[in-house]
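These notes concern the structure reproduced below.
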Amino acid sequence: MASKPPTKPRKNASQERSRVTVDALVEATARILVKEGFEKASTNRIAEVAGVSVGSLYQYFPSKEALVAAVIDRHNEKIMQVVRAALAEVADFPIEKAVRKLVTVAVEAHRIDPKLHRVLAEQIPRTGQLAYVEAFNREVHTLVRAYLESRRKEMRRIDPGLATFICVSTIEAVAHNAVLNQAELLSEKMVRTLVDETTRMVVGYLR
């Protein structure tokens with residue numbers, strides 16, 4: 001059985017010049033993944049698009065899989081920044097207002113470079129990033145559960161862990177499928193309708 005290519009960076013970029021090089025490599029990888037696909041994303045091609053030498057690439061990344069992993073990390077962190085901010089904002093909101101905000105943010109988060117999001121979703125198992133993605137999912141579940149625990153008086157009697165799982169899974173599935181599989185149908189009016197209907201469904205379940 002062939003060994004898996006290494007997916008961790010060789011070293012961290014601590015100086016400004018190094019960070020510029022790493023940023024160029026990661027951005028080039030993202031562009032190639034979207035336009036040309038994973039198979040065309042060779043280290044030579046990535047270095048060419050980034051405008052750096054292959055030798056410079058290998059100073060920081062041992063393989064193209066490591067670069068794809070870096071793209072996944074950055075993309076997920078962008079999404080999580082949006083999600084964390086939303087969950088902090090809704091801490092004192094009543095349930096319906098909070099759910100509407102979370103559904104809206106879920107759709108917005110999936111609309112952050114959806115073509116890249118689709119490609120990366122396919123590459124997560126290949127790059128060994130499942131554990132990292134699962135850590136983000138656990139964080140979301142923890143934050144949502146904390147909110148639901150604080151609103152027990154507004155909810156019917158239901159296990160908070162189950163409620164969290166169903167709410168997060170429902171919102172994520174709707175946002176993911178709508179943005180990645182039905183993007184051509186998502187006018188601003190349709191997005192508002194999608195948010196309204198998903199909010200109605202989740203709030204109805206909680207109450």
Side-chain angles (χ1 to χ4, degrees), residues 1-88 104-140 172 175-186 188 191:
M1 182 182 291
S3 59
K4 291 184 178 180
T7 57
K8 292 185 177 180
R10 291 188 188 278
K11 63 179 181 179
N12 293 322
S14 57
Q15 298 181 348
E16 179 65 25
R17 184 176 178 181
S18 299
R19 287 195 292 271
V20 169
T21 299
V22 168
D23 287 346
L25 288 166
V26 174
E27 289 169 8
T29 303
R31 290 200 298 274
I32 294 169
L33 286 172
V34 170
K35 293 182 179 179
E36 303 176 28
F38 179 83
E39 299 305 326
K40 297 288 182 67
S42 67
T43 50
N44 285 332
R45 178 64 176 144
I46 293 168
E48 177 189 357
V49 172
V52 304
S53 69
V54 175
S56 294
L57 181 155
Y58 282 119
Q59 285 183 24
Y60 299 99
F61 298 97
S63 65
K64 75 172 184 180
E65 286 80 5
L67 275 155
V68 175
V71 175
I72 291 170
D73 289 351
R74 289 196 180 189
H75 185 71
N76 283 343
E77 186 56 41
K78 283 182 181 178
I79 290 175
M80 280 307 301
Q81 286 175 359
V82 173
V83 173
R84 289 185 191 113
L87 285 163
T104 302
V105 165
V107 174
E108 289 174 353
H110 281 79
R111 293 175 93 182
I112 297 174
D113 206 339
K115 291 181 180 179
L116 178 62
H117 191 98
R118 183 183 295 109
V119 173
L120 296 183
E122 297 169 355
Q123 299 306 324
I124 285 170
R126 190 197 299 258
T127 57
Q129 294 301 95
L130 280 173
Y132 191 65
V133 172
E134 287 168 358
F136 276 119
N137 290 338
R138 286 194 298 273
E139 180 182 354
V140 171
E172 164 64 20
H176 182 92
N177 287 320
V179 175
L180 300 191
N181 300 325
Q182 304 290 331
E184 68 280 1
L185 303 178
L186 284 187
E188 291 306 314
V191 169

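All residue numbers in this chain count up from 1 along the given sequence.
Within the 4.5 Å cutoff, no side-chain heavy atoms of V140 are placed close to those of F136. Contact of the E139 side chain with the L87 side chain is not registered, since no non-hydrogen atoms from C-beta on lie closer than 4.5 Å.
Rounded to the nearest 0.5 angstrom, N177 CG and E172 CD are separated by 8.5 Å. Distance check, rounded to the nearest 0.5 Å: CD of E108 to OG1 of T104 gives 6.5 Å. The distance from atom CG of N76 to atom NZ of K78, rounded to the nearest 0.5 Å, is 11.5 Å. Going from atom CG of L33 over to atom NE2 of H75 covers 11.5 Å, rounded to the nearest 0.5 Å. Rounded to the nearest 0.5 Å, atoms CG (L57) and OG (S53) are 8.0 Å apart.
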Given salt bridge (charged side-chain N to carboxylate O under 4.0 Å, His left out), test R45 with E39 step by step and report yes or no.
CA-CA 11 Å; R45 178 64 176 144; E39 299 305 326; over 6 Å; no
Show, in sequence, the C-alpha distance, side-chain angles and deciding distance for F61 and V26, and conclude whether the side-chain contact (heavy atoms from CB on, under 4.5 Å) test is met.
CA-CA 10 Å; F61 298 97; V26 174; 4.1 Å; yes
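For A175 against V107, the heavy-atom pair with the smallest separation is CB-N, 3.9 Å. Nearest heavy-atom pair, L25 versus A47, reported as atom, atom and distance to 0.1 Å: CD2-CA, 4.4 Å. The shortest heavy-atom contact between T43 and S63 is CG2-C, 4.2 Å. What you find for A50 and A24 is that their closest heavy atoms are CB-O, 3.6 Å. Between A28 and V49 the shortest heavy-atom distance is CB-CG1, 3.7 Å.
Of the possible donor and acceptor atoms, none in the side chain of K64 sits under 3.5 Å from a partner among the backbone N and O of K40.
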